[in-house]
Number of protein chains: 2
Amino acid sequence: MENSAENVRSQMRKGVLEYCILSILDKKEAYASSILDELKAANMIVVEGTLYPLLIRQKNQGLLSYRWEESTQGPPRKYYCITDKGRQQLGEMDVAWQEIVDTIRTIKEQQR
Amino acid sequence: MENSAENVRSQMRKGVLEYCILSILDKKEAYASSILDELKAANMIVVEGTLYPLLIRQKNQGLLSYRWEESTQGPPRKYYCITDKGRQQLGEMDVAWQEIVDTIRTIKEQQR
DNA sequence: ATTAGTACTTTGTGTTGCAAGGTATTTGAA
DNA sequence: TTCAAATACCTTGCAACACAAAGTACTAAT
């Protein structure tokens, strides 16, 4: 209940994470740990307990598929890949995201 | 579970709503129904059952205060007003929002 | 008196992010 | 050989939140 700055960020991440995952996988297939790294690099900090269930949800919705691949070091990796349905959903998310950005701008602009 | 386009929007709204409320009240005090109207005008559709608990939460956190005012037509109105603490939180949210916008841009830009 | 309009409130449900802990595989050092 | 470290994936329990739906209360006009 403390750390309001971090809590603010956590709240805002909600609903945007799915959009980030699909956007990342739209570029190229990836496995969970590498997705985590990319999110961290982009300043969107997420933990494993958030990402894994999310990937499983999106897979169950038919937005993603996956395949196992051996690794040269460490256990095998589950490579996720966006599907046609996932790409369609991503298109809707692009529109929705732009709308929200515009909405915030509209509300903010009236201040002047 | 249907209407994926609307569901996408609903998910993305999560976490941004508090930011919108504080931003609106940072301009001038307002009562719930008028806030609803402003959100609708800005394309951020919200229903009563979402807004009222949110206002109460923010009031309980000390981000807002309110006063009753008689209306010339209809029941009295609860006018909400942002507090110093609310303005401070709004400042943090401004930063958090800009970070998320940048994050999305970063992820998207690598596609080219 | 009754209805319509305005405004505020509450209850129950499903989704989601997260902390914390767990399982499994590989590699390299003791 | 065994044991620790690194990598990777998964699960459980909890709290927060948006929403649908239904409810309460006040006012004004019919």
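In what follows, chains are A, B, ... by sequence order, proteins preceding strands, each numbered from 1. What's counted below: heavy atoms across the whole structure, side chains too, no hydrogens, waters or symmetry copies.
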From [atom1] of [X] over to [atom2] of [N], roughly how many Å is that when rounded to an integer?
{"X": "B:Y19", "N": "D:dA16", "atom1": "OH", "atom2": "P", "result": "23 Å"}
{"X": "B:L51", "N": "D:dA20", "atom1": "CG", "atom2": "P", "result": "14 Å"}
{"X": "A:K78", "N": "C:dT25", "atom1": "NZ", "atom2": "P", "result": "14 Å"}
{"X": "A:L17", "N": "C:dT15", "atom1": "CG", "atom2": "P", "result": "17 Å"}
{"X": "B:L55", "N": "D:dA18", "atom1": "CG", "atom2": "C1'", "result": "14 Å"}
{"X": "A:L36", "N": "D:dC9", "atom1": "CG", "atom2": "C1'", "result": "11 Å"}
{"X": "B:R67", "N": "C:dA7", "atom1": "CZ", "atom2": "C1'", "result": "16 Å"}
{"X": "A:Q58", "N": "C:dT16", "atom1": "CD", "atom2": "P", "result": "9 Å"}

Taking only the side-chain heavy atoms of [X] (C-beta and beyond), determine which of [options] contains the nearest atom.
{"X": "A:S33", "options": "C:dT16, D:dA18, D:dC9", "result": "D:dC9"}
{"X": "A:P75", "options": "C:dT25, D:dC26, D:dC10", "result": "C:dT25"}
{"X": "B:A32", "options": "C:dT16, C:dC8, D:dC9", "result": "C:dC8"}
{"X": "A:P76", "options": "C:dT25, D:dA20, D:dT11", "result": "C:dT25"}
{"X": "A:Y52", "options": "D:dT11, D:dT7, C:dA7", "result": "D:dT11"}
{"X": "A:E70", "options": "C:dG17, C:dT26, D:dT7", "result": "C:dT26"}

Does any donor-acceptor pair link the side chain of A:E48 with the base of D:dC9 at a separation under 3.5 Å? yes
Please work out if A:E69 contacts a base, only the sugar-phosphate, or nothing of the nucleic acid, heavy-atom cut-off 4.0 Å. nothing
Between [X] and [Y], which heavy-atom pair has the shortest distance, and what is it?
{"X": "A:I107", "Y": "B:I24", "answer": "CG2-CG1, 3.8 Å"}
{"X": "A:L55", "Y": "A:A32", "answer": "CD1-CB, 3.9 Å"}
{"X": "A:Y52", "Y": "A:S33", "answer": "OH-OG, 4.1 Å"}
{"X": "A:I21", "Y": "A:L51", "answer": "CD1-CD1, 3.5 Å"}
{"X": "B:L39", "Y": "B:C20", "answer": "CD2-CB, 3.9 Å"}

May I ask you to evaluate whether [X] reaches the phosphate of [N], defined as a side-chain N or O under 4.0 Å from OP1 or OP2?
{"X": "A:R57", "N": "C:dT16", "value": "yes"}
{"X": "B:S71", "N": "D:dT27", "value": "no"}
{"X": "A:Y31", "N": "D:dA8", "value": "yes"}

By nearest heavy atom, map B:Q61 and B:V47 onto DNA chain D; which one lands nearer the 5' end? B:Q61
Is any side-chain heavy atom of A:L25 less than 4.5 Å from a side-chain heavy atom of A:I35? yes
Assert: residue with more 5' nearest nucleotide on DNA chain C, out of A:L54 and A:T72, is A:L54
